[in-house]
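Quick notes on the structure that follows.
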Amino acid sequence: LAHSHHFWNRAAECSVYMPALFWVSGTFAALLWYHRTGRTAALLALAGAAGLAGLYHLSNVFWTPALAVYVAFVLSGVIGR
């Protein structure tokens, strides 16, 4: 395995994308928490987790506008809880 290009290619992908997936799942867990409760602490956890996800891997910033639109719709009453 030490000389296999495919093995090291997959190992490098796992070392980059698995922690990023952790932060993404934390962000969506906070989004679900905010949707169910509407608490400010959940909104702060959502912002913090999304920020950490974006800091960990730049590709995570591409879905954050959707989070902002969702929160704006919930706060304006377009989407109910």
Side-chain angles (χ1 to χ4, degrees):
L1 286 175
H3 298 289
S4 171
H5 173 71
H6 182 71
F7 174 78
W8 290 110
N9 187 20
R10 296 295 170 221
E13 284 183 8
C14 287
S15 70
V16 171
Y17 293 116
M18 287 301 123
L21 185 60
F22 170 77
W23 290 113
V24 169
S25 62
T27 301
F28 284 104
L31 179 68
L32 184 61
W33 181 32
Y34 176 69
H35 179 75
R36 289 184 177 174
T37 64
R39 295 178 56 199
T40 305
L43 189 59
L44 291 174
L46 174 63
L52 288 171
L55 285 174
Y56 190 81
H57 200 275
L58 190 58
S59 66
N60 292 330
V61 300
F62 293 115
W63 47 264
T64 52
L67 291 175
V69 168
Y70 174 78
V71 169
F73 281 173
V74 167
L75 289 176
S76 67
V78 173
I79 298 176
R81 287 193 177 84

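In the hydrophobic clustering of this structure, Leu32 does not group with Phe28; members are Ile, Leu, Val, Met, Phe, Trp, Tyr whose side-chain heavy atoms approach within less than 4.5 Å, directly or through other members.
Distance OG1/Thr40 to CG/Leu46: 12.0 Å, rounded to 0.5 Å. The line from CH2 of Trp63 to CG of Leu67 is 5.0 Å long, rounded to the nearest 0.5 Å.
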Counting only pairs under 3.5 Å, give me each side-chain donor-acceptor contact of residues 70-79, with atom names and distances, residues two or more places apart or in other chains.
{"unit_1": "Tyr70", "atom_1": "OH", "unit_2": "His35", "atom_2": "ND1", "d": "2.3"}
{"unit_1": "Ser76", "atom_1": "OG", "unit_2": "Ala72", "atom_2": "O", "d": "3.1"}
{"unit_1": "Ser76", "atom_1": "OG", "unit_2": "Phe73", "atom_2": "O", "d": "3.2"}

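With sequence neighbours excluded, the residues forming a side chain to side chain contact (heavy atoms under 4.5 Å, CB included) with Ala49 are Thr27, listed by chain and number. Taking Ser59 as the reference, His57 meet the side chain to side chain donor-acceptor pair (under 3.5 Å) condition, with sequence neighbours excluded. Annotation: side chain to side chain contact (heavy atoms under 4.5 Å, CB included) contacts of Ala45 (sequence neighbours excluded): Ala30, Trp33.
Side-chain contacts under 4.5 Å among hydrophobic residues (ILVMFWY), followed directly or transitively, place Leu58 together with Val61.
Annotation for Ala20 and Asn60: closest pair CB-ND2, 3.9 Å, computed over non-hydrogen atoms.
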